Amino acid sequence: METEETVITGYVEGIIYRNPENGYSVLDFSCDGKIITVVGLLSLVDPGEELTLKGGWVRHPTFGTQFKADAFERRLPKTAADMLRYLSGGTVKGIGPATAEKIVNRFGEQTFEIMEHDPMALAQIKGISADKARQIGESFQKQFAVREIMIYLEKYGMTPSECLSAYKVLGGNVVERVTENPYCLCHRGIGIGFVRADEIASSLPQPVNPVFRERAGVIHIISHNLMNGHTCLPREKIIPPACDLLDVAADEAERIIDDLIEDKELMEEPIDGRAFLFLPYIYLAEKNIADRIRVMLKFPPPQGRSAEADIDEIELRQGIRFEEKQRRAILTAAQKGLLVLTGGPGTGKTTTLNGILDLYEAQGLKVLLAAPTGRAAKRMSDVTGREAKTLHRLLEAVVRDNDRNTFARNMENPLQCDAVIVDELSMVDVQLFWGLLDALPLGCRLIMVGDSDQLPPVGAGNVLQDIIASDLLPVVALTEVFRQAMESLIVTNAHRIVNGELPVLDRTDCDFFFLQRETVASAAATVVDLCVNRLPKAYGYDPKSDIQIVCPSRKGEAGTVNLNRVLQQKLNPPEKDKAELASGGRVFRVGDKVMQTKNNYDIVWTKDGATGEGVFNGDIGTILSVHESSKTMKIFFDDRVAIYPFDSVKELEHAYAVTVHKSQGCEFEAVILPVCPVAPQLCYRNLLYTAVTRAKNRMILVGSPAVVMQMVENDKKMRRYSALKHFLLREGDA
């Protein structure tokens, strides 16, 4: 229980824990001759510092009495004794207790003045070389520069991690740059949006040059549309929103765009008689993909022994007979080294994939397997009997450089393999695909497997569709549904849907069911009952691990937001001893099923004693524990345990129900799909097809047959602007 505000003064003896994202710290603090525990947002303090803390005493159920600091003031060391204590804490790189004592004995109360303005004087001390003196000076100056920057920026509501990102991206003069142009914080590597930059601009003491706002506004419009999947936009479509956002006339918006193009902050490309605008890094990603593919086509891998004979041997050994298109795909993979293999459920993609693998291995080739998500990679491992990794792990994703994907595997450090096979290519966006191509060694074979009728990726681009539409690469589309697969109504209905035919809805003796409900409320209630009671009772399914509800929309009574709220209460209600965390209007508790909603390269995970970093968009897991003391939670994702700082919980959503878009690349034992009236842009054929193909053994639709009919009949896909096909076919680039 907290008491009234108390003020205490003392020294930081040590840092027990610090969350780098939000600055929450647990300190050993020396006060009145005693060591006490202090907790609070104390991101800027270091061992040896003297602090005045304002706050109150609290009683933690596990760790006892602590002082919770709500505010603090620091006093830079002024006496030689204080400076010795500060430097002995190891805060300044290159200085330990012994070196600290030598420096303070030599320079006394002038120590900090010397270290900041004349660090080479430290070389007068025995044991400190000129190089070490220079390093000490740089560390000391950087430390105090960052501290001043963070104090300045935190006044405007920026988190410690955002402040550090601003320092890394903008450099040591970040305060001057932000004061002059707060819209520089909209840089991708910092993550401050246009609206927040606007708020900072309005709170600065002097007005900001309107040119900065105008340029940032146009880039904001294009960046926002990346989240809708567009890699580029027609120039004429940017003018109206730019006029509205910036309150300028059309000719003024045109001038702003021209200035950005001239300064290379936007790229312009004529496509089919229209001018399209790109952010530079997306432009380069699509253009580089096209350039690399043309090189791979021009210089195919060397031919091995007779592929025909090897295929015959595989058929004989396994007692199978490949269908004509399957055989052609395997042969193309051997002879061309580049192949797009596509087809719906039951058409033999897995058999063909295994045939290609067997052939490559018979020829002595080293093959790597990958997929966009953890679940897709696991399914790939299950059907091939070989290890498959996520693309991020294959490419060894590291902490992002200015918010761009950075991979340890690249042109300078390529993958060690002769062939790469990628599944679920429809989910791969342009930046990730370029990362893959950049990491392929010369002569490497690339087999791309995907279902061209599924939804496009969540990220920007339309890689699979553009590659197929270019007609530049070998494509084998498997269309024959095998007899064994035809026994599944999930498979036959999926093909009916993609062909524009109504699925069979009146069968009750198979793996595909339709339950008609007249209202959205009754449909939502039935979905919940199926998940919580009926399916577990009838088939022994675990409601969390075996059953997945997928929804066209987040909104409404049958949308993910409401269903997750209801299902959490039914499947994982609060209990006295069950830890939980409230965040952003939601409660996350131990046992909850959750999904990561964006790539996070910094989350640390452990697996079988090994550690790594990175949890990615679409990963589904279960909360194992919530630790208030360390401000972290543990989440189990498939085969690894991730440690989440509380500040990263904003990237999580409950996953009892997920959108169809978020379910891509996953396969579930049983899927429940509410089919109720939704926004027109979510009522179309590909979305229904993608949902149905997520089910492995049970598919249940609940709702209105009229909505099913509307979705099947609506073959109008959401327009997604991309330029990969254009770059692949552009004259003069071949």
Side-chain angles (χ1 to χ4, degrees), residues 288-314 322 324-343 348-371 380 384 386 388-389 391 394-395 409-411 413-426 428 432-450 452 463-464 466-478 724-725 727-729 733-734:
N288 288 344
I289 288 170
D291 291 345
R292 182 62 192 271
I293 285 176
R294 280 194 298 270
V295 169
M296 294 173 75
L297 287 168
K298 190 173 181 179
F299 300 100
Q303 295 293 309
R305 60 195 189 194
S306 171
E308 291 276 11
D310 285 333
I311 296 173
D312 292 340
E313 172 67 24
I314 292 168
F322 293 117
E324 185 273 329
K325 285 187 177 179
Q326 291 178 314
R327 189 178 184 93
R328 183 175 5 128
I330 299 169
L331 198 59
T332 302
Q335 295 175 342
K336 302 291 187 182
L338 263 178
L339 171 69
V340 175
L341 177 65
T342 185
K349 286 203 306 290
T350 297
T351 300
T352 309
L353 175 60
N354 280 322
I356 293 171
L357 271 167
D358 289 340
L359 178 65
Y360 278 168
E361 290 171 353
Q363 295 180 342
L365 303 180
K366 181 180 179 181
V367 186
L368 299 178
L369 307 182
M380 196 180 190
T384 63
R386 300 161 174 91
K389 297 181 179 180
L391 282 165
L394 180 77
L395 300 174
R409 294 293 181 176
N410 50 42
M411 187 181 295
N413 181 32
L415 295 166
Q416 300 300 306
C417 62
D418 303 300
V420 173
I421 301 178
V422 182
D423 198 8
E424 297 287 357
L425 189 70
S426 64
V428 179
L432 183 55
F433 193 59
W434 167 238
L436 172 65
L437 293 186
D438 190 44
L440 296 183
L442 291 175
C444 184
R445 297 151 178 83
L446 177 62
I447 308 303
M448 297 161 279
V449 184
S452 59
V463 172
L464 178 60
D466 281 354
I467 287 176
I468 292 173
S470 74
D471 204 25
L472 202 61
L473 279 70
V475 176
V476 176
L478 303 177
L724 179 55
K725 176 186 173 184
F727 286 126
L728 283 167
L729 298 178
D733 283 358

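Note that this is a predicted model, so its numbers are computed, not measured. Counting begins at 1 with the first residue of the sequence.
Across all their heavy atoms, Ser452 and Ile468 have their closest contact at CB-CD1, 3.9 Å. Considering every non-hydrogen atom in both Gly355 and Ile314, the closest pair reads O-CD1, 3.9 Å. Closest approach of Ala307 to Leu331, counting heavy atoms only: CB-CD1, 3.6 Å. Heavy atoms only, all atoms of each residue included: Arg294 and Leu472 are closest at CG-CD2, 4.2 Å. The nearest pair of heavy atoms linking Tyr360 to Ala333 is OH-O, 2.6 Å. Leu359 and Ala334 make their closest contact through CD2-CB, 3.4 Å (heavy atoms, listed as atom of the first residue, atom of the second, distance).
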After noting the C-alpha distance and the side-chain angles of Val367 and Arg386, does the key distance pass the side chain to side chain contact (heavy atoms under 4.5 Å, CB included) rule? CA-CA 10 Å; Val367 186; Arg386 300 161 174 91; over 6 Å; no
Working for side chain to side chain contact (heavy atoms under 4.5 Å, CB included), residues Asp438 and Asn288: CA-CA 9 Å; Asp438 190 44; Asn288 288 344; over 6 Å; no
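In this structure, CG in Leu395 is found 10.0 Å from CG in Leu368, a value given to the nearest 0.5 Å. Annotation: the span from Leu369 atom CG to Leu353 atom CG amounts to 7.0 Å, rounded to 0.5 Å. Summarising the geometry, atom CG belonging to Leu436 is positioned 9.5 Å from atom CD1 belonging to Ile289; distances are rounded to the nearest 0.5 Å. Distance check, rounded to the nearest 0.5 Å: CD of Gln363 to CG of Asp418 gives 10.5 Å. The CD atom of Glu308 sits 10.5 Å away from the CD1 atom of Ile330 when rounded to the nearest 0.5 Å. Note that the CD1 atom of Ile356 and the CD1 atom of Ile311 stand 9.0 Å from one another [nearest 0.5 Å].
You'll find the side chain of Met380 stays beyond 4.5 Å of the side chain of Val449, heavy atoms only. In this structure the side chain of Val475 never reaches within 4.5 angstrom of the side chain of Ile467, judged on heavy atoms. Looking only at side-chain heavy atoms (C-beta outward), Leu425 and Phe433 come within less than 4.5 Å of each other. The closest side-chain heavy-atom distance from Leu341 to Leu478 is below 4.5 Å. Between Thr352 and Phe322, every side-chain heavy-atom pair lies at or beyond the 4.5 Å cut-off. Using a 4.5 Å cut-off on side-chain heavy atoms (C-beta onward), Leu464 and Met448 make no contact.
Side chain of Lys325 to main chain of Val476: no donor-acceptor pair is present (N/O by atom type, distance under 3.5 Å, no hydrogens or angles). For Arg445 (side chain) and Leu365 (main-chain N/O), no donor-acceptor pair under 3.5 Å exists by modelled atom type. Under a 3.5 Å cut-off, the side chain of Lys366 and the backbone N or O of Gln416 do form a donor-acceptor pair. A distance-only check finds a donor-acceptor pair linking the side chain of Gln326 to the backbone of Gly348 [under 3.5 Å]. In terms of modelled atom types and a separation under 3.5 Å, the side chain of Ser470 and the main chain of Lys725 share no donor-acceptor contact. A donor-acceptor pair under 3.5 Å is absent between the side-chain atoms of Lys389 and the main chain of Leu394, judged by distance alone.
Using a 4.0 Å cut-off between charged side-chain N and carboxylate O, Asp291 and Lys298 make no salt bridge.
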